[in-house]
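Scroll down for the structure; my scribbles are underneath it.
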Amino acid sequence: MEHRGICANCQTYIWLLDLCLNSGSLVECKKLHGKILKLGFGNESVLCNKLVDVYFALGDLDGVVKVFEDMPNRSVRSWDKIISGFMEKKMSNRVLDLFSCMIEENVSPTEISFASVLRACSGHRIGIRYAEQIHARIICHGLLCSPIISNPLIGLYAKNGLIISARKVFDNLCTKDSVSWVAMISGFSQNGYEEEAIHLFCEMHTAGIFPTPYVFSSVLSGCTKIKLFDVGEQLHALVFKYGSSLETYVCNALVTLYSRMPNFVSAEKVFSKMQSKDEVSFNSLISGLAQQGFSDAALELFTKMKRDYLKPDCVTVASLLSACASNGALCKGEQLHSYVIKAGISSDMIVEGALLDLYVNCSDIKTAHEMFLTAQTENVVLWNVMLVAFGKLDNLSESFRIFRQMQIKGLIPNQFTYPSILRTCTSVGALDLGEQIHTQVIKTGFQFNVYVCSVLIDMYAKHGKLDTAHVILRTLTEDDVVSWTALISGYAQHNLFAEALKHFKEMLKRGIQSDNIGFSSAISACAGIQALNQGRQIHAQSYVSGYSEDLSIGNALVSLYARCGRIKEAYLEFEKIDAKDSISWNGLISGFAQSGYCEDALKVFAQMNRAKLEASFFTFGSAVSAAANIANIKQGKQIHAMIIKRGFDSDIEVSNALITFYAKCGSIEDARREFCEMPEKNDVSWNAMITGYSQHGYGNEAVNLFEKMKQVGEMPNHVTFVGVLSACSHVGLVTKGLGYFESMSKEHGLVPKPAHYACVVDLISRAGFLSRARKFIEEMPIEPDATIWRTLLSACTVHKNVEVGEFAAQHLLELEPEDSATYVLLSNMYAVSGKWDCRDQTRQMMRNRGVKKEPGRSWIEVKNSVHAFYVGDRLHPLADKIYEFLAELNKKAAEIGYFQDRYSLLNDVEQEQKDPTVYIHSEKLAITFGLLSLSDTVPIHVMKNLRVCKDCHSWIKFVSKISNRAIIVRDAYRFHHFEGGICSCKDYW
DNA sequence: GTTTCGTGTG
């Protein structure tokens, strides 16, 4: 044509360009483009549009832009073409720019350009304000009815979490196509509105709209997320019915559903029947297995995936890494780390987070820290994981540094950050810092997150701010078993067991299901107050709830029954535990020790040692307490030796138990040594020593130690004052004692308890001020209890004050008519006052009421066996020898001034009639036996269940002188150290 | 328009 000089027209070039399109020749196209411009066809919009088509098709985007820029009059069609063309190439930036130009040039966008620009927005993470402006334009153009525009708009709003806006667009649609439904349903499902997603699916189903595989995948994923597994299974049936059961995406969602149940039989069935598996299919099953702890199976699948020529990606590796992290499988985790580097995915944000978590969880904090410092990505998760790392080390200063540094770097702490740092504050006792962070929590609006809430409750509850913890729980709108349990165990930790149980009940009443930790906390609270019946009920509840195999509940039950003295049941629960841990053993030992079954406690402790199980400091503490309670010096010392060998002698709690042990066994010197050698003491240590001194009659030492305690800045508590006040009482420091009593509330902010009032009554009345004691009782702000009246009555017996004594006895008999001690005290008081009629009346009253006196008993240990004696006992195999030697001792004692006072409680007639040996008190027999059987060098240790009487006390003093031996008697009230003819109580007890 | 992954609590 050209040779002949015939001019080609527009149509010719269109045909020629079509040929280029078919042959794919960019060179030819460019030649033609040149000729078109030369011939002046550049103004023809048909040709220009065709050129744009060809350049797009051949991938020459510069060509496209050049043609478009040179076009003299660009029609809407041209704009649509170029915008949608760039959208197809996923070049969102270009689309957004072109759209702006289009608006600037006052060209009205069509459905096509709007749809493209909305897609561009969603791919580009553009500000949502821009999207809203586009939305406004769409409304102005009256195009909102069109699904072509509205569907991407729904998706865009949903992606940005603006679910209400999305729903509005969806509701305004005149005709909803299947894409509209999917956009809305997946929008709900992906934004935490899973229930709404399921409802909308039901609506769609009822409306008779055919469910596509897309919608199935979306709604199945929603079911999985909120654990509506039965709904998920019903959907599986629909999937079959509508022929989507082989679709990859649907199967992937089903695999996830089943592996979260977990039902791996079904998950693997779906997986194996799939026609084509992709990476997500493998990832779904791998993550399911990994999350349920089947890390080996997950790793196997990882290998299989590679065999099937599918490349494990970030998701695969992240799932496997978290499995390794929770199993502590550092080695396998490190192998995955190598794969990460080889596969070039080490800059993935999630993989990096999972790797860091691996090293932290496997306690390789050093590697973790190095990783953190050289991290390729910058995101809040890495910082959060580091907070966990330093929290594990109880390193609050480093945690806080991380917490501040991340904010300096512009990262905003989230709902994961606060629990980590607050937990560390709790564990190291930094309540002040915790409170500051709490204010930041409120400022940033995280105070309603259940995790944040539960940690705050735990922090305040653990540190005694139970009111604050309680208030936080009340502000929580969500039902959260963890927050409730935190408060419940907080109450229990501060010995407010009834309060703990009250809240447990309330929690259940509100319909919040307890879990294993909730049950075990509640059972422990029952153990704290020996609430056996309530404990049994909770035991039953936990059993019904399916926790019969749970270790923490089993341990709590062992402790409950042991503490309630239910030996058999405690053993039964103990035997039921499959994998007994040290807490199980401790529960038995400390429970038995606390319920008074100390022999059993020591037996279990021995059993535990035979089983070669490592005893903890807690076990040792309990064993020492058990030995202390029954004053088993020998076993206690053996335990002490083990403590030293195992290096637990530096533990404060163990040392405290040892102080009490030695004090209770009468070795106050050993107690003192233990106390002095402690590298670090706490309030309990001081209390144990003060109480020890007090019990041994070392009143001045007790008072001095109390002064020193205050000097070093240790805070005295209620226990301290019981020790100090009784010490004053023992040595007759009336004024000083009263001063201390006053200082309790005035200087130390302590509200005196009944025990303290009893001490003061003892203090005053023992010194002989009985009317003053009575006045004190009448004026004190609390209702006097039996102990207080008994104290007064006992002093009246000593001081022969019948008037006040009768007054005390009257109250005491009202409160405890069954207690034999009252009758005995009263009748003794009458006897020493010579009121024999009254004494006989009291004895008669006791008989009439069927009250029996507890018989006096004494014990002494000789050569590994304990010998017990009753009053006038002749049952001992060596009885004859004992009575013979006793007579000898009496004779020697009389020679140096001992005056037998043994008849003081008998009238003249009785004294003549009765065989005097019938009335020989058990302690005399025990001491005589001890002197006969033990070598001269060891002190005589005797225990008695009642208080030692005046005659015996005087007798023992003489005997200690005659025999040149230390005699230590522990009676129901205190210790008496007899040596060289004097007693540590200075005859004041 | 759909599916899979990392950090926090008693």
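Reminder, nothing fancy here: chain letters follow the sequence lines and each chain counts from 1.
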Do [X] and [N] share a donor-acceptor pair, side chain to base, under 3.5 Å?
{"X": "A:D515", "N": "B:dG10", "result": "yes"}
{"X": "A:N384", "N": "B:dG6", "result": "no"}
{"X": "A:T485", "N": "B:dG10", "result": "yes"}
{"X": "A:S284", "N": "B:dT4", "result": "no"}
{"X": "A:N414", "N": "B:dG8", "result": "no"}

Counting any heavy atom closer than 4.0 Å, what does [X] reach on the DNA or RNA strands: base, sugar-phosphate only, or nothing?
{"X": "A:V481", "result": "base"}
{"X": "A:D313", "result": "nothing"}
{"X": "A:T212", "result": "base"}
{"X": "A:D348", "result": "nothing"}

Below 4.0 angstrom from OP1 or OP2 of [N], is there any side-chain N or O of [X]?
{"X": "A:R423", "N": "B:dG10", "result": "yes"}
{"X": "A:S221", "N": "B:dT4", "result": "yes"}
{"X": "A:Q190", "N": "B:dT3", "result": "yes"}
{"X": "A:Q291", "N": "B:dT4", "result": "no"}

- [ ] Would you check, one step at a time, whether the test side chain to side chain contact (heavy atoms under 4.5 Å, CB included) holds for A:I163 with A:Y157?
- [x] CA-CA 6 Å; A:I163 211 70; A:Y157 276 129; over 6 Å; no

- [ ] State which of B:dG10, B:dG8, B:dC5 makes the closest approach to the side chain of A:S287.
- [x]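 When the side chain of A:S287 is considered, B:dC5 is the closest of B:dG10, B:dG8, B:dC5.
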
TODO: Please determine, by modelled atom types, if A:T316 and A:D313 share a side-chain donor-acceptor pair under 3.5 angstrom.
DONE: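 Note: A:T316 and A:D313 side chains meet the donor-acceptor criterion.
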
Task: Test side chain to side chain donor-acceptor pair (under 3.5 Å) applied to A:N384 and A:N414, step by step - done: CA-CA 9 Å; A:N384 288 344; A:N414 64 8; 3.1 Å; yes

Open item on the list: One pair to check against side chain to side chain contact (heavy atoms under 4.5 Å, CB included): A:N252 and A:M274. What are the steps and the verdict?
Closed with: CA-CA 9 Å; A:N252 292 349; A:M274 283 175 77; 3.4 Å; yes

Task: A:Y249-B:dT3 aromatic stacking (under 5.5 Å, under 30°) - done: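 Not stacked: fails the 5.5 Å / 30° test.
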
